[in-house]
There are 2 protein chains.
Amino acid sequence: MSSTSSQPPADGVPRPPDVVRRLALLWDPPQPSGRGRRARLTLDDVVGAGTTIADTEGLEALSMRKVAARLGVGAMSLYTYVPGRTELLDLMIDRAFAELPLPPATATWRDGLAAYARAHWELFQRHPWILQTNMWRLPLTPAVLDAQECGLRTLVDTGLPERQVVEILGLVDAFVRGLARSTVAESTEKDASGQSNDEYWTSMSSFWVDHFDPQRYPTMLRIWDAGGFDAEATPFDASLDRLLDSVEMAIDRARGAR
Amino acid sequence: MSSTSSQPPADGVPRPPDVVRRLALLWDPPQPSGRGRRARLTLDDVVGAGTTIADTEGLEALSMRKVAARLGVGAMSLYTYVPGRTELLDLMIDRAFAELPLPPATATWRDGLAAYARAHWELFQRHPWILQTNMWRLPLTPAVLDAQECGLRTLVDTGLPERQVVEILGLVDAFVRGLARSTVAESTEKDASGQSNDEYWTSMSSFWVDHFDPQRYPTMLRIWDAGGFDAEATPFDASLDRLLDSVEMAIDRARGAR
DNA sequence: CCCCTCTCTCGTACGGTGTACTGGAACTAG
DNA sequence: CTAGTTCCAGTACACCGTACGAGAGAGGGG
């Protein structure tokens, strides 16, 4: 657990994590319970509102007060649905991962793994805030485990030893997250730096003339001149194909050694 | 730029980024300037104190007030050395990356790249908060560019097209960060969940009995039984070697096609 | 010598955050 | 109708980053 926790410094008095309650909320639907006053909202409303804010304004704009305002409700009312911000984030992540179109078990390992990677890639475009969650690991939620299960399933019958299956899936995950990160960066940086596009560009290029020393960074200069850095815009699929080639090599080797 | 910015929600009035000042601070040493009252501290003191706090208490505990307290100084005094928290973080990252023992240009590409990866790996063990900075990209600081230059240099003369050099180094970076993340997670999670080790363990295992459905996750179960997940503790070097094998394959192919 | 000017120092204050507490409102079961 | 149970929300607290401005210390010019 912990995963996304320690995202806020645990303000005020830290409130013990209470891992059990947190997991129960994720894995068992909140029973309506009949008795007492009717709820104006559902848990899904709250999670949805949070996701909308994070999608449009970024994770840093996600505050309990803002979520409550969007739902036309007092800030403290949210705490009837959700124990705290950390758990709200876990629920948002679960909801997002539930959107993943997971490939069927019938696909070949290569098609399946490619679909797995592409699905994550597109998810991170749609919900870039997931990459901001600073999680050490993803939270242990149903949809997240579904995705992991699916990814592992694509490789488990290829003859690879189990450890390598885990290792390779980790590599694929890191690859997708890394590439998504830099792609999102490119689109975020410009408007995040405030003001106009021009102002950003001029201050950016002032870096190259004022501080960048070509003698100190000859390789970078050479690669830049050869257009190597424009390739950040290289299609995702080409890089993925090369990665899958190396996976195929590992599989072939494992089969040969058997 | 932007990199680590938007780490705090841009509290209060956002203060325009002023990219120019930020870069100047990073690339040009702060001239002592003679006139006026003598400074009690140096910029390095401030950055060092911040690093110490982040190392020992985590990035979430890094606040201006805490850094100031450690230096025996008022909170606002820090702002004579540093424009704000964002810039302090950039400086801390630069200082950390300056610790990297970069391999000499004389090494073979494989030795150099392995040394590059291992140096980063060890850096992230020493300063795990770097993995928490949520940066879209690393800041454009001298030491960070030194490291990138070094990484690119190991591959630039191997016959790979420039784009693939950039792409492969990105993959290596993502790999190291990903593996470091999950390794750090393992050591952090336990004490981060507060209380005793026992309490953590019992609440953790309560997950497996209360919520984990083996029918839903057969592949995970199978890999678990085969010990595939213990392999997270697999030596870093073994995984790295396999990654480098795939790089070698890419190089051979590029040479063959030439 | 004084004074002026420049710099660093830092108390106060503002607007933001997560959330504990508490009293009340609204509903249902008996 | 009453008791029990739930949801609602205002207030309050500790903490955050940092704008502002008054004071403290040091050098240079007269």
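Throughout, a chain's letter reflects where its sequence line sits, starting with A, and its residues are numbered from 1.
- A straight line from CZ of B:R37 to C1' of C:dC8 spans 5 Å, rounded to a whole angstrom.
- Here B:T80 reaches the OP1 or OP2 of C:dT9: one of its side-chain N or O atoms lies under 4.0 Å away.
- A:Y81 has its OH atom 18 Å from the C1' atom of C:dT19, to the nearest Å.
- For B:T42 and B:D45, the side-chain atoms include at least one donor-acceptor pair closer than 3.5 Å.
- The side chain of A:M64 lies closest to C:dG18 when the candidates are C:dT9, C:dG18, C:dA13.
- Taking 4.0 Å as the cut-off between side-chain N and carboxylate O, A:D146 and B:R216 count as a salt-bridged pair.
- For A:S63 and C:dT17, the shortest distance from a side-chain N or O to OP1 or OP2 is below 4.0 Å.
- B:L62 comes within 4.0 angstrom of sugar-phosphate atoms only, judged by non-hydrogen atoms across all strands, and of no base.
- For the pair A:M76 CE and C:dA25 P, the interatomic distance rounds to 19 Å; values are reported in whole Å.
- The closest side-chain donor-acceptor pair between B:D44 and B:Y81, if any, does not fall under 3.5 angstrom.
- When heavy atoms are screened at a 4.0 angstrom cut-off, B:G36 is found touching base atoms of the nucleic acid.
- A:Y79 has no side-chain polar atom (N or O) that falls below the 4.0 Å cut-off from OP1 or OP2 of C:dC21.
- The distance between atom CD of A:E60 and atom P of C:dG18, rounded to the nearest whole Å, is 13 Å.
- The interatomic distance linking B:L88 (CG) with D:dC16 (P) rounds to 14 Å, in whole Å.
- Remark: side-chain polar atoms of A:R181 are paired, donor with acceptor, to backbone N or O of A:L131 under 3.5 angstrom.
- Using a 4.0 Å cut-off on heavy atoms, none of the residues of residues 42-58 of chain A approach DNA chain D.
- A 4.5 Å side-chain heavy-atom check between B:W121 and B:T183 finds at least one atom pair inside the cut-off.
- Taking atom CZ of A:R38 as the reference point, atom C1' of D:dC7 lies 12 Å away to the nearest angstrom.
- For B:R65 against D:dG17, a side-chain-to-base donor-acceptor contact under 3.5 Å is present.
- Residue contacts for B:R40: at a heavy-atom cut-off of 4.0 Å it reaches the sugar-phosphate backbone alone, with no base atom in range.
- Remark: C1' of D:dG17 and CD of B:E87 are 12 Å apart, rounded to the nearest angstrom.
- Residues A:D90 and A:T141 share a closest heavy-atom pair of O-CG2, 4.1 Å.
- C:dT17 atom P lies 13 Å from atom CG of A:L59, rounded to whole Å.
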